[in-house]
Amino acid sequence: MPGLAVFDLDGTLTAHDTYKRFLRTRLRARPWRALRCVSLPWHYWVARRTRRDHVWLKLKALGAVVAGSQRAELRRFAVAFGESVVDTDVPARARARIEAHRAAGDTLVLCSASFDFYVEAIGEQLGFDAVICTRSAWRDDRLVAAIDGENCFGEEKIRRLENLVTELGAGHRPHVSAYTDHHSDVPLLEWANTPVAVSPTTRMSRIAEERGYAVEQWHAQSAF
């Protein structure tokens with residue numbers, strides 16, 4: 001029977017952190033925003049010293065580089081960015097795994113803690129059936145430095161995936177295959193029927209060995 005194939009983005013489908021890449025790409029296109037970034041090293045230092053929630057730093061960067069962008073313009077920029085990411089940072093092994101699940105009739109789900117304004121563009125480029133990610137917040141059709149709802153991380157991914165299964169209306173939970181590189185997604189791998197650690201971090205490698213997860217290398221080496 002067709003199942004559900006869930007793919008993490010950063011470090012799994014891509015070798016690098018797409019949020020950092022998006023911020024750099026956006027800043028190169030709007031260099032005057034650099035003046036708003038002078039405090040980011042300080043914020044990074046504070047986050048490390050005080051163990052601030054990583055969402056705090058994520059929103060500081062969003063506010064400095066992207067907040068205030070008009071929705072239609074940001075959409076155009078994100079589509080071009082998504083094309084670039086898919087062309088340069090998604091390896092053949094990742095594409096082959098996606099296509100194998102597509103051929104099996106599985107529902108393809110891209111599941112990421114990164115922001116919807118560009119993750120959805122990447123999902124569209126790769127032909128995913130659904131994209132689950134952190135929702136951005138808007139005011140008067142302009143992006144604000146906030147999250148609409150919860151950061152799509154850890155247990156929140158499971159909650160959103162369970163909602164998706166309900167929406168699909170199959171009457172039962174399908175067989176779930178899940179792919180991720182990072183230990184923060186252990187709840188996702190435990191939720192799945194077929195958990196796969198992809199080019200795993202050192203900590204994820206240890207967990208995969210202890211719990212018997214399959215391991216696949218899609219990248220030359222882990223980027224994290």
Side-chain angles (χ1 to χ4, degrees), residues 1-15 17-19 21-22 71 74-136 147-182 184-185 187-199 213-214 216 218-219:
M1 295 292 292
L4 200 69
V6 183
F7 294 81
D8 173 52
L9 177 61
D10 300 322
T12 304
L13 287 182
T14 65
D17 186 316
T18 57
Y19 187 48
R21 178 172 174 174
F22 183 87
R71 190 189 296 266
L74 187 59
R75 168 64 181 172
R76 291 191 295 270
F77 187 91
V79 168
F81 174 78
E83 291 173 351
S84 175
V85 168
V86 170
D87 287 344
T88 64
D89 211 24
V90 179
R93 289 177 181 177
R95 295 171 185 268
R97 182 60 66 204
I98 292 170
E99 292 309 315
H101 281 288
R102 195 192 317 276
D106 295 338
T107 299
L108 300 172
V109 184
L110 181 57
C111 192
S112 173
S114 293
F115 281 107
D116 54 1
F117 51 79
Y118 76 84
V119 174
E120 289 177 353
I122 293 172
E124 289 169 8
Q125 290 290 324
L126 290 170
F128 276 82
D129 300 302
V131 176
I132 292 174
C133 53
T134 299
R135 291 186 289 260
S136 51
I147 290 173
D148 179 8
E150 298 294 328
N151 188 45
C152 191
F153 183 84
E155 294 291 345
E156 177 64 12
K157 285 187 177 182
I158 308 306
R159 188 187 70 80
R160 302 269 296 275
L161 284 164
E162 288 176 341
N163 287 344
L164 176 62
V165 169
T166 300
E167 291 169 9
L168 292 173
H172 63 281
R173 202 190 93 158
H175 182 96
V176 178
S177 301
Y179 301 86
T180 185
D181 72 303
H182 201 265
S184 63
D185 277 330
L188 171 61
L189 295 177
E190 289 295 294
W191 184 74
N193 304 101
T194 303
V196 182
V198 174
S199 298
Y213 299 156
E216 295 185 6
W218 293 357
H219 309 288

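For the numbers below, each heavy atom of this structure counts, side chains included, while hydrogens, waters and symmetry mates do not.
Under the salt bridge (Lys or Arg N to Asp or Glu O under 4.0 Å) criterion, Arg21 pairs with no residue at all, not counting sequence neighbours. Not a single side-chain hydrogen bond (donor to acceptor under 3.5 Å, both in side chains) links Arg76 to another residue, sequence neighbours left out. Legend: residues meeting salt bridge (Lys or Arg N to Asp or Glu O under 4.0 Å) with Glu190, ordered by chain and number and at least two apart, are Arg211. Considering only residues two or more places apart in sequence or on other chains, Ala192 meets the side chain to side chain contact (heavy atoms under 4.5 Å, CB included) condition with Val176, Ala178. Under the rule for a salt bridge (Lys or Arg N to Asp or Glu O under 4.0 Å), Glu83 has no partner lying at least two apart in sequence or in another chain. Partners of Arg159 by side-chain hydrogen bond (donor to acceptor under 3.5 Å, both in side chains), not counting sequence neighbours, listed by chain and number: Glu156. Judged as a side-chain hydrogen bond (donor to acceptor under 3.5 Å, both in side chains), and not counting sequence neighbours, the contacts of Tyr118 are Thr18, Ser114. Ser136 is linked by a side chain to side chain contact (heavy atoms under 4.5 Å, CB included) to Phe115, Asp116, Phe117, Trp138, Leu143, counting only residues two or more places apart in sequence or in another chain. Under the salt bridge (Lys or Arg N to Asp or Glu O under 4.0 Å) criterion, Arg71 pairs with Asp141, not counting sequence neighbours. Scanning for side chain to side chain contact (heavy atoms under 4.5 Å, CB included) contacts around Glu162 gives Ile158, Trp191, with sequence neighbours left out.
Remark: Ile132 CD1 to Leu161 CG distance equals 4.0 Å, nearest 0.5 Å.
A 4.5 Å side-chain heavy-atom check between Trp218 and Leu13 finds at least one atom pair inside the cut-off. Contact annotation: the side chain of Ser177 never approaches that of Val196 to less than 4.5 Å [non-hydrogen atoms, C-beta and beyond]. Glu216 places none of its side-chain heavy atoms less than 4.5 Å from the side chain of Thr12. Side chains of Leu168 and Leu4 form a contact here, defined as non-hydrogen atoms less than 4.5 Å apart. Counting heavy atoms from C-beta on, the side chains of Val165 and Pro174 come closer than 4.5 Å. Two residues are said to be in side-chain contact when any heavy atoms from C-beta on lie closer than 4.5 Å; Arg173 and Asn193 meet this criterion.
The salt bridge (charged side-chain N to carboxylate O under 4.0 Å, His left out) pairs that include a residue from residues 99-113 are Glu99-Arg102, where partners are two or more places apart or lie in different chains.
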Could you pull out all donor-acceptor pairs under 3.5 Å where a side-chain atom in residues 123-131 meets a protein atom, sequence neighbours excluded?
residue	atom	partner	partner atom	Å
Glu124	OE1	Arg75	NH2	2.8
Glu124	OE2	Arg75	NH2	3.4
Asp129	OD2	Leu108	N	2.8

